[in-house]
Amino acid sequence: MTNSFEADVRAGLSAEQKHLSSKYFYDDNGSRIFQEIMNMPEYYPTDAEFEILAMQSKAIFEALDFSQPFNIIELGAGDGFKTYKLLEYLVNENINFNYVPIDISQQAIDSLTKRLSERLPGLNIKPRTGDYFHVLKEEKHSEIPSLLLFLGGNIGNYHPDEADELLKLFHNNMNEGDKLLIGIDLKKNPLIIHKAYFDPHGITKRFNLNLLLRMNRELGADFKVDDFDFYCHYNPITGDVKSYIVSLRAQKVHFKAMDFTVDFDYNELIWTELSKKYDFEGIDSMASRSGFEIQENFLDCKHYFTDSLWVR
Ligand code: AVJ
């Protein structure tokens, strides 16, 4: 793990346009800061998706039109809070299904399993840790239909080509008739998006600057966090939110563990994240490029977010 972090940091900070991958935001500290982001009133995706799953569980279940039993496989389940309302509905209706949460973090899976077995004792839960595709390949041999969940709007972090690749991998590891429920953040009033990502509390700034602290800790770097700032910008035409760390002065940073030194110019940027917003045209073309048929979009009442149901 540390090795690929090291290699990615070396490549990203040696590039003409410096960049780091947002996947490295989520060390223990970063995951905690992300919880704070989800709790801010400005960060609408969490509430929007919660509303969809709480209010439309029945409609989502009926749209599946699956024989029972079936599997619900959640990719990147995390603490699983957003899925709770859907699971609760299905358990209360005595629907016969297995819930298979997958996450790379053993700790996340353990606490999710514990909480769910306490709160929904009737739930058939088969937690898995590790790589999505490893688990998906195994489930492909299963005789029963599967619903894949890829929630939270995580697809927005992928550049369009990478999103296509990921969705094709999902497609390859599904059986004919299996379905995918994918959370996608929608284009909307630009000011709403701006406030969610350039928040007035400085939490998203801390989330980004935590990358510097992580490099200090894990790679022996000597970033002075006060000499860097955060900037982010939403382009309502392309739907791209791009986040950056800004160097507030010309400075050198040394990585002791890597025998590596980086020069920053005054005001030089490190691009840290893409959070892409889609319209329905964009969703249609993404689905068809990766071989899926869109069955139905489940929206929150403000039409900020969709849980889009796709059929393989
Ligand atoms: C976890 C990828 C859905 O892009 O909205 C939140 C991460 N970044 N605020 C998103 C994030 C800045 C989030 N996702």
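Both counts, for ligands and for their atoms, begin at 1 and track the order of listing.
- Under the 30°/60° scheme for interplanar angles, the aromatic rings of Phe255 and Phe223 are found to stand perpendicular.
- Salt-bridge annotation for Glu36 and Arg32: absent, with no side-chain N of the basic residue lying under 4.0 Å from a carboxylate O of the acidic one.
- Figure legend: cation-pi geometry between Arg214 and Phe5, with NZ or CZ positioned under 6.0 Å from the six-membered ring centre and within 45° of its axis.
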Just the distances, no angles: every ligand 1 N or O to protein N or O pair closer than 3.5 Å, one line each.
unit_1	atom_1	unit_2	atom_2	d
ligand 1	4 (O)	Ser275	OG	2.7
ligand 1	5 (O)	Tyr43	OH	2.5
ligand 1	5 (O)	Tyr197	OH	2.5
ligand 1	8 (N)	Glu273	OE1	2.8
ligand 1	8 (N)	Glu273	OE2	3.2

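- Remark: the Ser21 side chain and the Asp8 side chain contain no N/O donor-acceptor pair separated by less than 3.5 Å.
- Ring geometry, His194 versus Phe198: the interplanar angle falls from 30° to 60°, so the pair is classed tilted.
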Output side-chain donor-acceptor pairs under 3.5 Å for residues 45-52, partner residues at least two apart or in another chain, one line each.
unit_1	atom_1	unit_2	atom_2	d
Glu49	OE1	Gly152	N	2.9
Glu49	OE2	Gly152	N	3.2
Glu51	OE2	Cys301	N	2.8

